[in-house]
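This report concerns only the one structure given below.
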Amino acid sequence: MAAPPPPDPQFVLRGTQSAVHALHFCGGAQGQGHPLLLSGSLSGLVHIWSLQTRRAVATLDGHEGQCVTWLQTLPQGHQLLSFKWTYFSQILWAGSCLPSPWAQYALLLSWSAVRPGILTSCQGRDLKLCLWDLGEGRNAVVDSVRLESIGFCRGSVLARGHQHWTLAVPGRGSDEVQILEMPSKTSVCTLKPEADAKPGMPMCLELWQANSSPRPLLLAGYEDGSVALWDVSERKVCSRIACHTEPVMALDFDSQKARGVSGSAEKALAVWSLDEQQALQALRTQELTNPGIADVKIRPDRKILATAGWDHRIRVFHWWTMKPLAVLAFHSATVHCVAFATDGLLAAGSRDQRISVWSLYPRT
């Protein structure tokens, strides 16, 4: 008997007017069953979508036309924090400018990269971190601090209480990662590989914290195809493993099962684990039909994972067995990003300027 054809998207969001490079879900307001979806585009715009009306409820323009490559909501706050440097600018802003039902989601982190070929001598040369006040319709810089950061990867954030969080971003050196405490903007440390290691640039970062320890840990995927586990407090590499022959483009980590997955420009996913001695170990390689993984995400219930492919496909796997479950061939160009909502919805953003939203293998 032939396998049933893959499903169609539940719905499609249009109107970004440029390629979609970043997606992030945040839960709906109290009493509403629909989350919000945030998208970042090549043109520098951030759209906030209601999945109930399937329309954008707000469009935010804070990146001066540069590609938004990372979005993350944070606990309640009332300010916007923007980072600008030679190749990147980052932004945090207050949700008080949003329609009132969603004003409780007060702080958003987004990160943008200058598009190739349009960098001029005056764009992002100030290396400045600015703190913006957007409360009650205001739009003013209230604080700033100098940064020395240049990088080419998405950052990561770890909540450290109701009003504090840790931020990991590329450091000044090409192989460095800088750790900042927010919102004080205090530099905690710079993570630099050991002298005999040549991993190249960090390409993706994942901050996390074990249930048994308050110490923050960082997983970093590097240009040489390796994944390293850093003890941020000790500023040292606990373990490093060679996962790919190409740069690591994306990774995700399941802290409950102590397992992670990474993708690169090659035709394979790498699955690896972390033992009780904080040593990374290769588990298996999942071969793919075509090369190129732009993003990988594990669903919050840790049942399935999804990948964004250069071949225009979204691939879905069983997380524990890595059994292929579906190949979703809706998009007509590279799929840059995928994201899961807590209720299990899957969203994918593509170079074709569309966002597809899927309901697959409902949570039980």
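A cation-pi arrangement, defined by a distance under 6.0 Å to the six-membered ring centre and an angle within 45 degrees of its axis, is present between Arg259 and Trp320. Both cation-pi conditions hold for Arg354 and Phe330: the charged atom is under 6.0 angstrom from the six-membered ring centre and inside a 45 degree cone around its axis. Remark: Arg299 fails to qualify as a cation-pi partner of Tyr361 under the 6.0 Å distance and 45° angle criteria applied to the six-membered ring.
Remark: the backbone N or O of Thr334 is paired with a side-chain donor or acceptor of Ser350 at under 3.5 angstrom. The backbone N or O of Met201 lies less than 3.5 Å from no partner atom in the side chain of Asp175, so there is not a single donor-acceptor pair. Proximity of a side-chain donor or acceptor of Ser226 to a complementary backbone N or O of Ala242 within less than 3.5 Å is not detected. For the pair Asp295 (side chain) and Val338 (backbone), a donor-acceptor distance under 3.5 Å is present. With Asp275 contributing its side chain and Ala279 its backbone, the two residues share a donor-acceptor pair below 3.5 Å. In terms of modelled atom types and a separation under 3.5 Å, the side chain of Ser41 and the main chain of Leu45 share a donor-acceptor contact.
Rounding to the nearest 0.5 Å gives a distance of 4.0 Å between OG of Ser156 and CG of Leu207. Note that CZ of Arg154 and CG of Leu251 are 10.5 Å apart. Values are rounded to the nearest 0.5 Å. Here the OG atom belonging to Ser255 is positioned 10.5 Å from the CG atom belonging to Leu274, to the nearest 0.5 angstrom. Atom-to-atom distance recorded for Ser273:OG and Ile241:CD1 is 7.5 Å, nearest 0.5 angstrom. Summarising the geometry, atom CG belonging to Leu218 is positioned 5.5 Å from atom CG belonging to Leu205; distances are rounded to the nearest 0.5 Å. The NZ atom of Lys192 sits 13.5 Å away from atom CD of Gln178, with the distance rounded to the nearest 0.5 Å.
Between Gly15 and His47, the shortest heavy-atom contact is O-NE2, 3.7 Å. Minimum interatomic distance between Ser264 and His244 (heavy atoms only, all atoms of both residues): OG-ND1, 3.3 Å. In this structure, Ser359 and Gln10 approach most closely via the heavy-atom pair CB-OE1, 3.8 Å. Listed here is the closest heavy atom pair of Val177 and Ala168: CG1-CB, 4.2 Å. Heavy atoms only, all atoms of each residue included: Pro300 and Thr342 are closest at CG-CA, 4.1 Å. Taking every heavy atom of both residues into account, Ser262 and Val248 meet most closely at CB-CG1, 4.0 Å.
Between Leu13 and Leu37, the closest side-chain pair of non-hydrogen atoms falls below 4.5 Å. The side-chain heavy atoms of Leu217 and Leu229, taken from C-beta on, include a pair separated by under 4.5 Å. Residues Ser233 and Pro216 form a side-chain contact, since some pair of their non-hydrogen atoms from C-beta on lies under 4.5 Å apart. Taking 4.5 Å as the limit, some side-chain heavy atom of Trp272 sits within range of a side-chain heavy atom of Leu280. Residues His331 and Ser356 are in side-chain contact: their nearest non-hydrogen atoms beyond the backbone lie under 4.5 Å apart. Residues Ser39 and Trp49 meet the side-chain proximity criterion, which asks for heavy atoms closer than 4.5 Å. Between Trp208 and Phe253, some side-chain heavy-atom pair lies under the 4.5 Å cut-off. Within the 4.5 Å cutoff, the side chain of Phe340 has no heavy atoms near those of the Asp301 side chain.
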Residue pair Thr245, Glu266: steps toward the side chain to side chain donor-acceptor pair (under 3.5 Å) verdict
CA-CA 7 Å; Thr245 59; Glu266 61 190 1; 2.7 Å; yes
Take Lys236 and Asp231 through the salt bridge (charged side-chain N to carboxylate O under 4.0 Å, His left out) test and state the conclusion after the steps.
CA-CA 6 Å; Lys236 68 177 183 180; Asp231 184 320; 6.0 Å; no
Take Val227 and Tyr222 through the test side-chain contact (heavy atoms from CB on, under 4.5 Å) and record every step on the way to the result.
CA-CA 6 Å; Val227 172; Tyr222 285 93; over 6 Å; no
Please assess Leu36 against Leu51 for the test side-chain contact (heavy atoms from CB on, under 4.5 Å), listing each intermediate value before the final yes or no.
CA-CA 6 Å; Leu36 295 174; Leu51 300 188; over 6 Å; no
Evaluate the criterion salt bridge (charged side-chain N to carboxylate O under 4.0 Å, His left out) for residue pair Arg215 and Glu234; output intermediate values, then yes/no.
CA-CA 9 Å; Arg215 301 161 72 92; Glu234 295 291 332; 3.0 Å; yes
side-chain contact (heavy atoms from CB on, under 4.5 Å) for Leu345 and Val357? Distances and angles first, verdict last.
CA-CA 7 Å; Leu345 281 180; Val357 180; 4.2 Å; yes
Between Leu288 and Arg313, is a side-chain contact (heavy atoms from CB on, under 4.5 Å) present by the stated rule, with each step listed?
CA-CA 11 Å; Leu288 303 174; Arg313 305 295 193 264; over 6 Å; no
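When each of Val169, Leu158, Leu191 is tested with Ile179 by the rule side chain to side chain contact (heavy atoms under 4.5 Å, CB included), just one qualifies, namely Leu191. Shown are Leu305, Leu269, Thr307; of these, the side chain to side chain contact (heavy atoms under 4.5 Å, CB included) with Gln286 is made only by Leu269.
A search for side chain to side chain donor-acceptor pair (under 3.5 Å) contacts involving Glu181 returns Thr166, not counting sequence neighbours. In this structure Glu287 satisfies the salt bridge (Lys or Arg N to Asp or Glu O under 4.0 Å) test with no other residue, sequence neighbours excluded.
Checking Trp310 against Asn290 by side-chain atom types alone, no donor-acceptor pair falls below 3.5 Å. Gln353 and Thr16 are not linked by any side-chain donor-acceptor pair at a separation below 3.5 angstrom, with hydrogens and angles left out of the test.
With a 6.0 Å radius and a threshold of 12 heavy atoms from other residues, nucleotides or ligands, Glu194 has its CD atom above the threshold. Under a cut-off of 6.0 angstrom, the local environment of NZ in Lys198 is sparse, with at most 12 non-hydrogen atoms contributed by other residues, nucleotides or ligands. Gln281 CD: more than 12 foreign heavy atoms inside a 6.0 Å radius.
When hydrophobic clusters are built by joining Ile, Leu, Val, Met, Phe, Trp and Tyr residues whose side-chain heavy atoms come closer than 4.5 Å, directly or via intermediates, Ile304 is not grouped with Phe317. Put simply, Met322 and Val327 are part of two different groups of oily side chains (I, L, V, M, F, W, Y) that touch within less than 4.5 Å, one to the next. Note on Val188 and Trp230: same hydrophobic cluster, where clusters join Ile, Leu, Val, Met, Phe, Trp and Tyr whose side-chain heavy atoms are under 4.5 Å apart, directly or indirectly. Val237 and Val232 fall within the same hydrophobic cluster, where Ile, Leu, Val, Met, Phe, Trp and Tyr residues are linked whenever their side-chain heavy atoms come under 4.5 Å apart, directly or through other members. Put simply, Val157 and Leu219 are part of two different groups of oily side chains (I, L, V, M, F, W, Y) that touch within less than 4.5 Å, one to the next.
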